[in-house]
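Comments concern the structure below.
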Number of protein chains: 2
Amino acid sequence: MSDDQKKQLEEFESRIDQFHPGHSIDCVILGYHDRHLKILLLKWKHAELWSLPGGFVYTHESLEDAAYRVLKERTGLGSIFLSQFHTFGDVERQTAPSAPQAVMMENLYQKLPLKDPVRFRNWIQQRFITTGYFALVDFEKTEPRPDFLGERCEWIDLQQLPELLMDHDAIIKKALAQLRIQLNYLPVGLSLLPEKFTIQDLQKVYEAILQKKLDRSNFQRKILKLGFLNRHEKQMTGAANKAPFLYSFDERNYKELLTSGIGFSM
Amino acid sequence: MSDDQKKQLEEFESRIDQFHPGHSIDCVILGYHDRHLKILLLKWKHAELWSLPGGFVYTHESLEDAAYRVLKERTGLGSIFLSQFHTFGDVERQTAPSAPQAVMMENLYQKLPLKDPVRFRNWIQQRFITTGYFALVDFEKTEPRPDFLGERCEWIDLQQLPELLMDHDAIIKKALAQLRIQLNYLPVGLSLLPEKFTIQDLQKVYEAILQKKLDRSNFQRKILKLGFLNRHEKQMTGAANKAPFLYSFDERNYKELLTSGIGFSM
DNA sequence: TCAAAAGTGTTTCCAATACACCCATGA
DNA sequence: TCATGGGTGTATTGGAAACACTTTTGA
């Protein structure tokens, strides 16, 4: 366990009674790299088990602030697109889909250097209602850091999800469904890309989210007509073909559009 | 206080430690009557203060079941359209927008015939994170009943909202925004009408929700083309004009449509 | 016979789609 | 000079919107 993690655990234990009871948050953090949608997951120690980055809410902290805090802690990123999508409150949501999961969790808890194991148990094993947030981030800018339960924090291809804790796979599914809906009236896909990008990059993002091919030339026209992309110099890719223009997101124009209302569908 | 309410209060107090801590639900229940959207609100005793029908979640009950239970208790209706729309977790959400509200609440609590006032206080005055659900119901079929805090439970015109408890006005706003979005891809408006209705009825529902006038003839064509309305006999209204056809909702056709996907916008 | 609402038809316009064409680039 | 992907043009289709025309009804 790293020093950083020890410190996190210490902080957690010392403030355990400052948490709002029975409520957690889970973040579905999506990035885009190498033409694939990636999700930031935590691999648990001593087990082939992964989970969403999550956390708890301090008594004097709003739900949203807690989500931002978790995001900041795991990725180093502040002030980005974050959106609440659903609150999960089934009674059975914490019963692991497979019995081995319970063993793995038990195993991990026992190995933690805890000051007050009983209090920790009482906290961690209560029923939690969890609120899901999703974030779209620029893959390049993140510096993933595990929390004290995780061995490492890593970008995983959405198409190749490993075994996930509890109901976290259902949470991810719901997040993606919500994202697809949002995409119809907000160009959220833009937050996944670095500052400058080509239209093809953006199209690939849309295709990854919507899980379908889009027509190249029509996509270009539609997205440009919305009018919040600035064209820059061409980019020589080194490939044997015409060089594409680079574009960037014009936040000012975008905000003007928002006030007048956007119609948008793909 | 009615016998019914006394019983409700008794039940509440006796089970107060079986509630999931710090979490509540609030229901935005909408109906349609007399060409207006109405919302079901509770008027508090001894005060000109209104609130959304709400409740708490039992330890062995899912969030959704709790919402259905509240709906059933307030309206007598079971198995209807109910949709979670947002979870509100601001720290200050319970600080009344006006100081007099605190006085009114205090006033009411003191007058309740409680067995254990201290325990009641400790419960009711904690910080709550609340999850909002909205329901669209057939106005005619409801039998509003107040809970033990309410003097009466009543349908109020959405255009003429009275002073509301805490952040309940913000919750309503959010519900309506969500409803407008949903309306774009699900014909949810239908749940607001009795079994048989005219196209004009339905159009008025849409206009009430979207807050704008729609073209009569285009609305008719669009809604009929979706193909899940059955035409019935004409209805003689007694007015000096052509009699409209009655329609009913064809659930079977609708469900087929859902699987193949709906495109819908007004 | 008149006003009001219902039902249907028509015209115009624009977005979506499919696809064709030429251009730039480096192997 | 060729394959590849980029940028632009165009024809077709279908829906949205505006509005005109006719029908039905009771006063």
Side-chain angles (χ1 to χ4, degrees), chain A residues 34-35 180 183-187 189 193 196-208 210-248 257 260-266, chain B residues 34-35 180 183-185 187 189 193 196-248 257 260-266:
Chain A
D34 204 16
R35 311 225 149 164
R180 281 181 201 116
L183 204 57
N184 282 328
Y185 49 103
L186 292 179
L193 294 169
K196 292 190 178 180
F197 50 86
T198 67
I199 298 289
Q200 187 185 197
D201 291 333
L202 188 56
Q203 184 178 339
K204 293 295 170 191
V205 167
Y206 271 80
E207 290 179 346
L210 297 174
Q211 296 282 358
K212 66 176 179 187
K213 290 271 165 221
L214 301 173
D215 183 272
R216 185 179 56 87
S217 99
N218 294 329
F219 180 83
Q220 176 123 344
R221 217 162 341 130
K222 268 162 98 170
I223 210 77
L224 286 178
K225 189 154 56 153
L226 291 174
F228 43 70
L229 291 186
N230 293 324
R231 179 183 278 197
H232 300 282
E233 73 285 6
K234 291 197 174 194
Q235 179 195 39
M236 296 296 173
T237 55
N241 52 39
K242 196 168 173 177
F245 286 105
L246 286 177
Y247 291 84
S248 70
L257 247 188
S260 61
I262 279 186
F264 205 76
S265 82
M266 284 288 155
Chain B
D34 204 17
R35 311 227 150 164
R180 280 180 202 117
L183 205 57
N184 281 328
Y185 49 102
L193 293 169
K196 292 189 178 182
F197 50 87
T198 67
I199 298 289
Q200 187 185 199
D201 290 334
L202 188 55
Q203 183 178 339
K204 293 293 170 191
V205 167
Y206 270 81
E207 289 179 345
I209 295 177
L210 297 175
Q211 297 281 358
K212 64 177 180 187
K213 289 273 167 220
L214 300 173
D215 183 89
R216 186 179 56 85
S217 100
N218 293 331
F219 181 83
Q220 176 124 343
R221 217 163 340 130
K222 269 162 97 169
I223 210 78
L224 287 177
K225 189 152 57 151
L226 291 174
F228 44 71
L229 291 186
N230 293 323
R231 179 183 279 197
H232 299 282
E233 73 284 5
K234 292 196 173 195
Q235 179 194 40
M236 294 297 173
T237 56
N241 52 38
K242 196 168 175 177
F245 285 105
L246 286 177
Y247 291 84
S248 70
L257 248 188
S260 60
I262 279 186
F264 206 76
S265 82
M266 284 288 155

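Just so it is clear: chains get the letters A, B, ... in the order the sequence lines come, proteins before strands, and each one is counted from 1.
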Sequence-distant partners of B:R180, side chain to side chain donor-acceptor pair (under 3.5 Å), two or more places apart: none
To the nearest 0.5 Å, tell me how far B:R216 CZ sits from B:E207 CD. 11.5 Å
Can you measure from CG (A:D215) to CZ (A:R221) and round to the nearest 0.5 angstrom? 8.0 Å
Gap between atoms CD and P, on A:E233 and C:dA24 respectively (whole Å): 18 Å
Here the gap from B:T198 atom OG1 to B:K234 atom NZ, rounded to the nearest 0.5 Å, amounts to 13.0 Å
Separation of A:R231 CZ from A:L246 CG (nearest 0.5 Å): 11.0 Å
Atom NZ of A:K222 to atom P of D:dG7: distance rounded to whole Å? 18 Å
Find the distance A:Q235:CD to D:dG6:C1' and express it as a whole number of Å. 12 Å
Figure out the CG/C1' separation between A:L246 and D:dG6, and round it to whole Å. 13 Å
B:I199 and B:Y247: CA distance, side-chain angles, deciding distance, side chain to side chain contact (heavy atoms under 4.5 Å, CB included) verdict: CA-CA 7 Å; B:I199 298 289; B:Y247 291 84; 3.4 Å; yes
Can you build the contact string for nucleotides 5-13 of chain C? Use B for base contact, S for sugar-phosphate-only contact, and - for no protein heavy atom under 4.0 Å. BBBBBB---
When rounded to whole Å, the CG to C1' distance for the pair B:L210 and D:dA17 reads 16 Å
Rounded to whole angstrom units, what separation is found between the CE atom of B:M236 and the P atom of D:dT23? 17 Å
Rounded to whole Å, the NZ-P distance (A:K213 to D:dG5) equals 11 Å
